[in-house]
Amino acid sequence: MSAVRDWPLWEVFIRSQHGVAHKHVGSLHAASAEAALCAARDVYTRRHEGVSIWVVPSAAITASSPGEREPLFEPANNKVYRHPGFFQVPPEVKNL
Amino acid sequence: MSVAFLAQFCTTIRKPPQAVPAVPAVPAVPAVPCYHGLMESASAASDAAFQARIEAGVKIEPKDAMPEAYRKTLIRQISQHAHSEIVGQLPEGNWISRAPTLQRKAILLAKVQDEAGHGLYLYCAAETLGVSRDQLIAELLSGKAKYSSIFNYPTLTWADIGAIGWLVDGAAIMNQIPLCRCSYGPYARAMVRICKEESFHQRQGFDILLALSRGSAAQKAMAQDALNRWWWPSLMMFGPPDEQSAHSAQSMAWKIKLISNDGLRQKFVDQTVPQAEYLGLRVPDPALKWNPERGHYDIGPIAWEEFNAVIRGQGPCNHERLAARRQAHEDGAWVREAALAYAAKHQKQDAVA
């Protein structure tokens, strides 16, 4: 068995149709960005799942940590006025 | 109005806004610089909190705290599943060059390519638990890791390709559909993709047997022979009877197993027997009988000693399957090395330019 090190890991993002954003679909190992793109085509778009592919080195992604969930996302919870439904609109007022 | 969806717009925020003194002082854990980072280890005290999360239906994601036993069990389960997809290519690969028509050949090629893809989705899901691809492959090649014992049976005729699609993939689908709802996010998402594709596999298998069973007497006999050989091993795919299943209770509590072995097996029998009748083939079980009181088919005893022997490595093709994988891995070593060297060379050239 060879002792070659693992090919680097890439995250794969696919635009499923024109007009929508790329969405994370999974990951794969490949030696280079070009090879990752080819592999992503074979692994993740065998059934017309996409019109465009991004591959990003997994190591280049900075992710928030589960422990930070509260400080990051809790503040949004007490600012319900950011949603239009917070405000009472008098029924006589139209187009608001 | 629910504001939960706001969270998805906030994933790029690095620091909480300043004006939130009310937030309890949770020690800020530095972000792990990789999506696939090792997760925080869970203390025994937090196991109860973990279980509560699972019961609330919250998906566990790669960097979430999780009990070590959950992580290890999942690595074993997902990697066995991945190995099964990879080794599962071998019995069918045997017939690609001998498919009866060009169309059947193209379909079988696409099917076997799907199996490779399924293996890759699953290896990636396993890697999010902090194990490397190299480790996983090494465990398969050394014989330490298991794969589905069904792939240790030979594919003697073209009808076997039909039986594998119809029965083996059919049984796999039955196993996998509940797993789309399992507690570990990356595994559940991989299963969703896989299940979508498996249904093609099952239908192409049934289609092969349908053609044979409507063909000459010799073709029909070939289809019957394939059913005779694949029926019982397919029922064994669901694993030992519930009362003997070693890991079931804990796995069900963790929601990485959602329906019992016997429950899935019964469901498989109930849906497959009428399909066999449609094909005009006889299920090789003299005890098979519809039980109107239960509303299910009763089946005869399963030869578990055969199942255990195949798992121990005494099946007809255990040696051949692993030898083929090892050979492929060794033959591919220069390709893996060359691709890395080529990528490194181009990186250097790009840096100079």
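All chains are named by letter (A, B, ...) in the order of the sequence lines, taking the proteins before the strands, and each is independently numbered beginning at 1.
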Item checked: Stepwise side-chain contact (heavy atoms from CB on, under 4.5 Å) check, Arg47(A) with Phe200(B) -> CA-CA 11 Å; Arg47(A) 284 175 179 75; Phe200(B) 145 55; 3.1 Å; yes
Next item on the list: Would you mind checking which part of Glu34(A) comes under 4.5 Å of any heavy atom in chain B, side chain (CB onward), backbone (N, CA, C, O), both or neither?
Entry: neither
Next item on the list: Below 4.5 Å from any heavy atom of chain B, which atoms of Pro57(A) appear? Answer side chain, backbone, both or neither.
Entry: neither
Next item on the list: List for me each residue that meets side chain to side chain contact (heavy atoms under 4.5 Å, CB included) alongside Ser16(A), sequence neighbours excluded, and say none if there are none.
Entry: Val20(A)
Checklist line | Interatomic distance, Gln347(B) atom CD to Ser32(A) atom OG [nearest 0.5 angstrom] | finding: 9.0 Å
Note to self: Quick check: do Gln113(B) and Val43(A) have side-chain heavy atoms less than 4.5 Å from each other?
What the structure shows: no
Next item on the list: Would you mind reporting whether Pro8(A) and Leu340(B) have side-chain heavy atoms less than 4.5 Å apart?
Entry: yes
Next item on the list: Please say whether more than 12 non-hydrogen atoms of neighbouring residues, nucleotides or ligands are located less than 6.0 Å from CZ in Arg41(A).
Entry: no
Item checked: Other residues, nucleotides, ligands: >12 heavy atoms within 6.0 Å of Arg53(B) CZ -> yes
Next item on the list: Give, as side chain, backbone, both or neither, the part of Glu197(B) having an atom under 4.5 angstrom from any heavy atom of chain A.
Entry: both
Margin query: Quick check on Val192(B) against chain A: is it the side chain, the backbone, both or neither that has a heavy atom closer than 4.5 Å?
Written below: neither
Checklist line | Residues in residues 114-121 of chain B that sit under 4.5 Å from chain A, counting heavy atoms only | finding: Asp114(B), Gly117(B), His118(B), Leu120(B), Tyr121(B)
Notebook entry, point to check: Top residue by heavy-atom pair count (under 4.5 Å) with chain A, among Arg326(B), His346(B), Lys196(B), Arg193(B)?
Noted result: Arg193(B)
Can you list, pair by pair, the side-chain donor-acceptor contacts under 3.5 Å of residues 87-96 of chain A, counting residues two or more places apart and other chains?
{"unit_1": "Lys94(A)", "atom_1": "NZ", "unit_2": "Pro91(A)", "atom_2": "O", "d": "3.0"}

Closest heavy-atom contact between [X] and [Y]?
X         : Y         : result
Lys63(B)  : Pro66(A)  : O-CG, 3.3 Å
Ala343(B) : Ala31(A)  : CB-O, 3.3 Å
Trp7(A)   : Val335(B) : CZ2-O, 4.3 Å

Next item on the list: Could you pull out all residues at least two apart from Asp42(A) that satisfy side chain to side chain donor-acceptor pair (under 3.5 Å)?
Entry: none
